[in-house]
**Student:** 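Take this structure first; my questions come after.
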Amino acid sequence: MDSFFDDFRMNIKYYRDLRGLNQSELAIQADSSNGMIGNIESGKAYPSFKNVLAIARALKVHPADLFLRDASKSKEEIRTVLKEKIEKEINNIIDEHL
């Protein structure tokens, strides 16, 4: 569960930076407090569902985008990691059955 929260908080920071917002500006747009945004990004506070929706709306992303993966990683980085994992799994399967 912590990895989902880590992705979530890193995605907030990534999309906030992408939109050129500081924590105070995001807090205003998400009808939250500056402290709450800072605490979420630092991993000290968990947002309510209402906060998640408001933050996503302020960042102009779908709420699910905040949870899916660390958005700061490029598609190529993800492709490389997945390829390495899949190749390793394929090799393990081949070794087991041959």
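If you read the sequence from its start, that first residue is 1, and numbering goes on from there.
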**Student:** Which residues pass the side chain to side chain contact (heavy atoms under 4.5 Å, CB included) test with Ser24, not counting sequence neighbours?
**Tutor:**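 Ser24 satisfies side chain to side chain contact (heavy atoms under 4.5 Å, CB included) with Asn22, Asn34 once adjacent residues are dropped.
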**Student:** Which value, rounded to the nearest 0.5 Å, describes the distance between Asp65 atom CG and Ile12 atom CD1?
**Tutor:**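 If we round to the nearest 0.5 Å, Asp65:CG and Ile12:CD1 are 12.5 Å apart.
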**Student:** Could you tell me the separation between the CZ atom of Phe8 and the CZ atom of Phe67, rounded to the nearest 0.5 Å?
**Tutor:**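 Those atoms lie 4.5 Å apart.
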**Student:** Can you tell me how far apart OH (Tyr15) and CG (Leu26) are? Round to the nearest 0.5 Å.
**Tutor:** 13.5 Å
**Student:** Please list, chain by chain and in numerical order, all residues satisfying side chain to side chain contact (heavy atoms under 4.5 Å, CB included) with Asp31, sequence neighbours excluded.
**Tutor:**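 Partners of Asp31 by the side chain to side chain contact (heavy atoms under 4.5 Å, CB included) criterion come out as none, since no residue qualifies.
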**Student:** What residues form a side chain to side chain contact (heavy atoms under 4.5 Å, CB included) with Asn92, not counting sequence neighbours?
**Tutor:** Lys88, Glu89
**Student:** Using the test salt bridge (Lys or Arg N to Asp or Glu O under 4.0 Å), find all partners of Asp17 that sit at least two apart in sequence or belong to another chain.
**Tutor:**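 Listed in chain order: Lys13.
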**Student:** Using side-chain heavy atoms (C-beta onward) and a distance below 4.5 Å, is Leu59 in contact with Leu21?
**Tutor:** yes
**Student:** In Å, rounded to the nearest 0.5 Å, how long is the span from CZ of Arg9 to CG of Leu66?
**Tutor:**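 One gets 13.5 Å once the value is rounded to the nearest 0.5 Å.
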**Student:** Check which hydrophobic residues are tied to Ile93 through side-chain heavy-atom contacts below 4.5 Å, counting indirect links as well, and list them.
**Tutor:** none
**Student:** Under the side-chain hydrogen bond (donor to acceptor under 3.5 Å, both in side chains) rule, collect the residues that match up with Ser48, sequence neighbours excluded.
**Tutor:**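 Expected list: Asn51.
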**Student:** Among residues at least two apart in sequence or on other chains, which ones pass side chain to side chain contact (heavy atoms under 4.5 Å, CB included) with Ile28?
**Tutor:** none
**Student:** Could you name each residue pair satisfying ring pair (Phe, Tyr, Trp, His ring centres under 6.0 Å) that touches residues 17-63, not counting sequence neighbours?
**Tutor:**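 Every ring pair (Phe, Tyr, Trp, His ring centres under 6.0 Å) pair that includes a residue of residues 17-63, provided the two are not neighbours, is Phe5-Tyr46.
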**Student:** Once side-chain hydrogen bond (donor to acceptor under 3.5 Å, both in side chains) is applied, what residue pairs with a partner in residues 36-45 remain, sequence neighbours excluded?
**Tutor:**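 Every side-chain hydrogen bond (donor to acceptor under 3.5 Å, both in side chains) pair that includes a residue of residues 36-45, provided the two are not neighbours, is Arg16-Glu41, Gln23-Glu41.
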**Student:** Does Val61 share a hydrophobic cluster with Leu18, counting links as ILVMFWY side-chain heavy atoms below 4.5 Å and allowing steps through other members?
**Tutor:** yes
**Student:** Of all the heavy-atom pairs spanning Ala54 and Ala30, show the shortest one and how long it is.
**Tutor:** CB-O, 3.4 Å
